[in-house]
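One structure is given below, encoded as structure tokens.
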Amino acid sequence: MGPALSPGPEPMTQPDPADDAVIRLFNVSKRFGAKLALSNITLDIHKGEWLYVTGPSGAGKSTLLKLFYLGEKTTSGQVLAFGTNMNRLTAKEVPFLRRRFGIIFQDFKLIPNRNVFENVALVLEARGEPRNMIDKRTRNILRHAGMDKRMDAMPASLSGGEQQRVAVARAIAGQPDVILADEPTGSLDPKSAEIIIGLLAAYHEKGATVMVATHDRELLARKQGRIIRLEEGRLVAPEPVGGGRP
Ligand SMILES: Nc1ncnc2c1ncn2[C@@H]1O[C@H](COP(=O)(O)OP(=O)(O)OP(=O)(O)O)[C@@H](O)[C@H]1O
């Protein structure tokens, strides 16, 4: 069979798929001793994308996310975040790059001896934002998360779902470009999971990139997005699904 007939002249310029990539991985591998946790991953993550990273336990999902917030470094290959090579960051550049990521963990990681308000406000205080702006934005975000009535509560007095709502509020407070969520609904009941995904979806609608690592198939059904799958550290056949609307 010959080549397919061309529908007409090619456009003068093709869109470059890298143009809107916020994160690019080139042949990235990560080794822990004898264990190859990530093997030769090449991947673009686009601006405004909702991306699921799936795969069985131990497949490398958390390790992949950690590369982006510098929780781990690659053994080989390159990670570019916003055009910056993460292997070549200077100590001064690290905090600026980290600010562009909001991170959510399955076990919330709230500061136990700070109340709800303080847990969220701390992100803005660390940036030296003015007090009135910190108060206003923290209250606003906690209202959106339905946690404004619990601003004085300590984390230990909250349910898992409530703690995760605070953790999402904290991740969003700094207005990051990218949200990284590692099993954000893993330990939550379905109703709480729905609230968490709703909060993330609202932030995504504003143009943020959201990357969710999960092995929970029910979570994938809650919101459309691109799905990539890791197995034993390898990226296996990406499954493009839908356009990223809730
Ligand atoms: N700090 C570490 N030291 C040694 N081995 C590690 C380390 N972190 C991860 N690993 C190993 O790397 C592999 C990938 O781990 P990772 O936590 O990324 O998997 P995962 O897909 O997120 O799993 P889960 O769904 O259970 O969280 C596993 O075999 C794990 O034991």
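If you're wondering where the values come from, they're calculated on a predicted model, not measured in any experiment. Just so you know, residue 1 is the first one in the sequence shown, and it goes up from there. Values below: every heavy atom of this structure, side chains too, minus hydrogens, waters and symmetry copies.
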Test log, rule side-chain contact (heavy atoms from CB on, under 4.5 Å), inputs Thr185 and Arg222: CA-CA 11 Å; Thr185 59; Arg222 288 181 189 277; 6.0 Å; no
Atom pair CG/NZ of Leu230 and Lys61 - distance to nearest 0.5 Å: 7.5 Å
Test log, rule side-chain contact (heavy atoms from CB on, under 4.5 Å), inputs Met211 and Leu65: CA-CA 8 Å; Met211 199 171 166; Leu65 262 56; 3.9 Å; yes
Glu72 atom CD: more than 12 heavy-atom contacts under 6.0 Å: yes
Minimum-distance pair of heavy atoms, taken over all atoms of Met151 and Arg139: CE-NH1, 3.2 Å
Residues that Glu231 engages under side-chain hydrogen bond (donor to acceptor under 3.5 Å, both in side chains), provided they are two or more places apart: Arg229
Name of the residue among Lys109, Arg170, Gln164 meeting side-chain contact (heavy atoms from CB on, under 4.5 Å) with Ile104: Gln164
Side chain proximity check, Val168 to Ile195, heavy atoms < 4.5 angstrom: no
Within-4.5 Å side-chain heavy-atom neighbours: Gln106 and Ser187: yes
Exam field: side chain Ser192 to backbone Leu188, donor-acceptor pair closer than 3.5 Å: no
Pairwise side-chain contact, Asp44 with Ile23, heavy-atom cut-off 4.5 Å (strictly under): no
Validation row: Arg114, Leu122 side chains within 4.5 angstrom (heavy atoms): yes
ILVMFWY network linking Leu110 to Leu124, side-chain heavy atoms under 4.5 angstrom: no
Minimum side-chain heavy-atom gap Ile45-Leu43 below 4.5 Å: yes
Gln163 (side chain) donor-acceptor with Gly160 (main chain) under 3.5 angstrom: no
Smallest separation among heavy atoms of Ala81 and Phe101, with atom names: CB-CZ, 4.2 Å
Arg150 and Asp152 ion-paired at < 4.0 Å: no
Value rounded to 0.5 Å, distance of OH in Tyr52 from CD in Gln224: 9.0 Å
side-chain contact (heavy atoms from CB on, under 4.5 Å) evaluation trace for Leu25 with Phe68: CA-CA 10 Å; Leu25 287 90; Phe68 307 140; 3.7 Å; yes
Heavy-atom side-chain contact between Asn113 and Ile111 under 4.5 Å: yes
Ion pair Arg131/Asp135, N-O distance below 4.0 Å: yes
Closest non-hydrogen atom pair, Leu199 against His144: CD2-O, 3.5 Å
Nearest non-hydrogen partners of Leu235 and Ile41, listed with the distance: N-CD1, 3.7 Å
Pairing residues for Asp148 by the side chain to side chain contact (heavy atoms under 4.5 Å, CB included) criterion, not counting sequence neighbours: Arg143
Arg234 atom CZ, over 12 foreign heavy atoms within 6.0 Å: no
Distance-minimising heavy-atom pair for Pro155 and Asn115: CD-CA, 4.5 Å
In one Ile/Leu/Val/Met/Phe/Trp/Tyr side-chain cluster, 4.5 Å: Val123, Tyr69: no
Interatomic spacing from OG1 in Thr75 to NZ in Lys30 - rounded to 0.5 Å: 4.5 Å
Separation of Leu219 CG from Glu194 CD (nearest 0.5 Å): 11.5 Å
Result of checking Lys206, Arg98, Arg100, Arg99 against Asp177 for salt bridge (Lys or Arg N to Asp or Glu O under 4.0 Å): Arg100
Residues Val178, Leu180; criterion side-chain contact (heavy atoms from CB on, under 4.5 Å); working and verdict: CA-CA 6 Å; Val178 179; Leu180 302 172; 3.9 Å; yes
Thr214 versus Glu183, side-chain donor and acceptor atoms under 3.5 Å: yes
For Phe26, ring pair (Phe, Tyr, Trp, His ring centres under 6.0 Å) partners two or more places apart: none
Partner set under side chain to side chain contact (heavy atoms under 4.5 Å, CB included) for Val210, not counting sequence neighbours: Trp50, Ile179, His204, Val212
Pairwise side-chain contact, Leu38 with Leu64, heavy-atom cut-off 4.5 Å (strictly under): yes
Residues forming a side chain to side chain contact (heavy atoms under 4.5 Å, CB included) with Ser76, sequence neighbours excluded: Ser29
Do any side-chain atoms of residues 86-96 form donor-acceptor pairs under 3.5 angstrom with protein atoms, and if so which ones, sequence neighbours left out?
| from | atom 1 | to | atom 2 | distance (Å) |
| --- | --- | --- | --- | --- |
| Asn87 | OD1 | Thr74 | OG1 | 3.3 |
| Asn87 | ND2 | Gly77 | O | 3.2 |
| Thr90 | OG1 | Glu93 | N | 3.3 |
| Thr90 | OG1 | Glu93 | OE1 | 3.3 |
| Glu93 | OE1 | Thr90 | N | 2.9 |

Distance (rounded to the nearest 0.5 Å) between Phe82 CZ and Lys47 NZ: 9.0 Å
Phe105 versus Ile103, closest heavy-atom pair with distance: CZ-CG2, 3.3 Å
Donor-acceptor pair, side chain of Arg165 and main chain of Ala145, under 3.5 angstrom: yes
Interatomic spacing from CD1 in Ile172 to CD1 in Ile141 - rounded to 0.5 Å: 7.0 Å
